[in-house]
Peer 1: 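Handing you this structure, nothing more for now.
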Amino acid sequence: MTPLSRARFAPRARASLTSRSVLAASVLLALAGCSLAPLDAAPPIAVPAAWKSAAPQAGWVSADTARDWQAGRWWAPFNDPQLDTLMARVDIGNQNLAVAVANVRQAQALLRQQQAQLWPTVGASGSEQRSGGEGRTSTSTASLGLNVSWAPDLWGRLGDATRAQGASVQASQADLAGARLSAQGSLAQAYFTLRELDAEAALLNIIIAGYERSARITQNRYDAGIAARTDTLQAQSTLDGARASLTALQLNRALSEHAMALLIGEAPAGFTLAPATWVDQVPVAPAGVPSELLLRRPDIASAERSVSAANARIGVARAAYFPQITLTGSLGAAGSHLGDLISAPSLLWSLGLSLAQYVFDGGARTAAVDQAIAAHEGATATYRQTALSAMKEVEDQLARLTALAAQQERTRASAEAAQRIEQQMLNRYQSGLSAYTEVVTAQASSLGARRSVMQLQLQRQQAAVSLMQALGGGWQAPWLVP
């Protein structure tokens with residue numbers, strides 16, 4: 001470092017800089033803010049005009065629902081008030097969201113720290129001291145000082161670092177939106193699973209009541225010497241199997257309830273959701289075109305902001321090739337007493353300029369630039385991969401919804417036929433025209449088909465939730481929305 005400074009005790013404080021100093025300051029200000037980073041632009045991604053698995057939807061039928069989607073209330077089309085109430089509790093109690101919120105605040109604080117480096121620093125000091133001893137005359141000294149230091153951002157190092165941190169703030173905001181969407185999606189999945197289990201349990205209770213009647217019938221027929229002992233054993237076995245299935249459903253319901261408690265930030269012991277009617281509606285999500293997906297997915301927005309931050313850090317690394325200049329100035333006074341400090345002869349001023357430049361660093365700066373460029377290339381690849389993965393997720397869920405709808409219709413028709421066969425077999429058995437094994441087979445087939453219809457309906461709801469998540473839940477990067 002080569003310091004250049006001037007200082008003196010002067011009868012009068014000088015009021016202005018020399019013309020050369022003014023010219024030098026003008027040059028520094030003209031250079032300040034230059035950037036050595038490449039042009040910042042989102043990496044191009046080839047997006048198809050439409051989805052492969054389904055034609056793009058024109059949008060929601062209801063204008064109110066469309067507004068809910070754009071406001072992030074993507075679950076509104078399921079038309080379930082209980083789900084709406086639970087979603088409101090996610091923002092309040094979910095601890096993963098609390099971590100994401102804290103990360104945003106931390107990134108914002110780092111941005112303010114980075115911005116502060118663009119401004120001069122000003123310090124003030126003051127002291128008064130009195131000394132003496134036995135047989136010695138006491139002396140007093142006093143001083144006041146004001147110090148100013150500024151490192152002009154000649155090569156854009158600080159500006160690029162500020163832009164990089166600003167992009168990191170936006171990435172953390174997108175991460176927060178992604179964490180919220182993930183928590184909301186998990187809650188919806190657990191909620192619909194619980195409601196489907198409630199519906200299955202209600203069906204099993206009805207089935208068990210029917211099996212109990214069948215068991216009594218077979219017992220009466222056995223007591224009358226009409227039926228064999230094996231009939232009563234088969235009837236009881238079928239009844240016990242249905243009761244065991246109900247117990248398994250109750251366990252799964254409890255686990256889903258525990259998962260929901262965790263998502264809303266409560267202890268499982270303090271959270272209970274009473275059984276209720278299952279709103280088994282499956283809405284059609286506004287799929288949109290793939291290019292719109294890039295504005296709706298928080299993870300894509302976060303990846304794009306990471307590319308922008310990496311791009312700015314290339315400029316930071318390149319700026320290290322150029323010298324750093326620091327301007328300093330001070331104004332102070334010294335005297336025997338504080339009262340003497342306001343007199344002109346005691347004033348001390350100084351102006352200084354220092355320049356620092358590496359002469360040899362063994363290739364460290366070149367390596368830092370190469371590292372920044374490689375980091376930008378990696379961030380670009382991550383961004384493209386994230387976008388491609390998002391498109392795949394949408395295609396997957398569109399295909400699932402189409403296949404599940406067709407599968408459910410066929411299974412429903414099979415269940416209706418199985419119910420008719422079950423009733424016919426029971427009538428034939430009571431008339432003595434068939435063995436009870438045929439009744440048991442028909443009952444098992446009917447129950448399995450009816451439960452399969454419910455499970456397929458649940459899978460359709462879960463696929464709709466996954467599709468809405470894949471579409472970003474209606475969220476858009478606020479810094480890109482006009």
Side-chain angles (χ1 to χ4, degrees), residues 80 82-83 190-258 260 272-282 407-462:
D80 193 317
Q82 183 68 60
L83 177 61
Y191 176 78
F192 288 132
T193 297
L194 183 143
R195 288 297 177 229
E196 189 274 337
L197 291 171
D198 283 343
E200 275 200 68
L203 171 64
L204 270 176
N205 282 322
I206 295 174
I207 295 297
I208 288 172
Y211 287 176
E212 288 173 344
R213 289 193 297 271
S214 296
R216 287 194 297 270
I217 291 173
T218 56
Q219 184 64 44
N220 292 336
R221 290 172 60 83
Y222 171 73
D223 293 341
I226 301 175
R229 178 61 176 170
T230 54
D231 292 354
T232 62
L233 295 177
Q234 288 177 331
Q236 188 62 42
S237 175
T238 303
L239 175 59
D240 291 339
R243 287 171 176 169
S245 296
L246 180 60
T247 301
L249 289 180
Q250 291 168 344
L251 171 61
N252 290 335
R253 187 189 193 281
L255 297 179
S256 296
E257 199 173 62
H258 298 167
M260 293 172 63
T272 301
L273 198 63
T277 302
W278 179 24
V279 182
D280 56 353
Q281 182 172 334
V282 181
Q407 186 179 356
Q408 186 181 18
E409 286 305 310
R410 295 187 181 96
T411 305
R412 181 178 285 111
S414 174
E416 292 172 355
Q419 281 184 267
R420 291 193 295 269
I421 292 173
E422 177 188 9
Q423 187 59 49
Q424 290 175 2
M425 289 299 100
L426 185 59
N427 293 339
R428 286 173 58 84
Y429 170 73
Q430 292 175 348
S431 302
L433 299 177
S434 64
Y436 194 73
T437 53
E438 296 180 2
V439 175
V440 172
T441 301
Q443 287 177 333
S445 177
S446 175
L447 176 58
R450 293 169 72 180
R451 292 182 67 181
S452 293
V453 171
M454 291 183 176
Q455 291 165 1
L456 287 169
Q457 182 70 2
L458 170 62
Q459 291 178 41
R460 288 183 63 200
Q461 279 191 322
Q462 291 177 332

Peer 1: Are Leu426 and Glu422 close enough, and set up right, to give a side-chain contact (heavy atoms from CB on, under 4.5 Å), and what steps lead you there?
Peer 2: CA-CA 6 Å; Leu426 185 59; Glu422 177 188 9; 5.7 Å; no
Peer 1: Can you check whether Arg216's main-chain N or O pairs, donor with acceptor, with Asn220's side chain at less than 3.5 Å?
Peer 2: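 At least one qualifying donor-acceptor pair exists.
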Peer 1: Are the side chains of Asp280 and Arg460 in contact, using a 4.5 Å heavy-atom criterion?
Peer 2: no
Peer 1: Kindly determine whether Gln443 and Ser214 satisfy side-chain contact (heavy atoms from CB on, under 4.5 Å), including the steps that lead there.
Peer 2: CA-CA 11 Å; Gln443 287 177 333; Ser214 296; 3.6 Å; yes
Peer 1: With no hydrogens and no angle check, just 3.5 Å: does a side-chain donor-acceptor pair link Gln408 and Gln457?
Peer 2: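 Side chains of Gln408 and Gln457: pair found under 3.5 Å.
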Peer 1: For Arg195 and Ala276, which heavy atoms make the closest approach, and how far apart are they?
Peer 2: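 Looks like NH1-N, 3.3 Å.
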Peer 1: Any idea which heavy atoms bring Ala201 and Leu249 closest together, and the distance?
Peer 2: N-CD1, 3.8 Å
Peer 1: Going by atom types only, do Trp278 and Glu200 share a side-chain donor-acceptor pair under 3.5 Å?
Peer 2: no
Peer 1: Within 45° of the axis and under 6.0 Å from the centre of the six-membered ring of Tyr429, does NZ or CZ of Arg221 qualify?
Peer 2: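 So Arg221 does make the cation-pi contact.
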Peer 1: Pick out which of Thr218, Ile226, Val439, Ile217 makes a side chain to side chain contact (heavy atoms under 4.5 Å, CB included) with Gln430.
Peer 2: Ile217
Peer 1: Can a salt bridge be assigned to the pair Glu257 and Arg253 using a cut-off of 4.0 Å between side-chain N and carboxylate O?
Peer 2: yes
Peer 1: Any Lys/Arg nitrogen of Glu196 or Arg451 sitting under 4.0 Å from an Asp/Glu carboxylate oxygen of the other?
Peer 2: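 Salt bridge: no.
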Peer 1: Compare all side-chain heavy atoms of Gln236 with those of Thr232 and state whether any distance is below 4.5 angstrom.
Peer 2: no
Peer 1: Taking all non-hydrogen atoms of both residues into account, name the closest pair between Leu197 and Ser256 and its distance.
Peer 2: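 Minimum heavy-atom contact is CD1-OG, 4.2 Å.
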Peer 1: After noting the C-alpha distance and the side-chain angles of Gln462 and Thr193, does the key distance pass the side-chain contact (heavy atoms from CB on, under 4.5 Å) rule?
Peer 2: CA-CA 8 Å; Gln462 291 177 332; Thr193 297; 2.9 Å; yes
Peer 1: Going from OH on Tyr436 to OG1 on Thr230, what distance comes out if it is rounded to the nearest 0.5 angstrom?
Peer 2: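 So the gap between those two atoms works out to 11.0 Å.
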Peer 1: Within the side chain of Thr441, is there an N or O that forms a donor-acceptor pair under 3.5 Å with the backbone of Thr437?
Peer 2: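 Yes.
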Peer 1: Evaluate side-chain contact (heavy atoms from CB on, under 4.5 Å) for Glu416 paired with Arg412, printing each intermediate quantity in order.
Peer 2: CA-CA 6 Å; Glu416 292 172 355; Arg412 181 178 285 111; 3.8 Å; yes
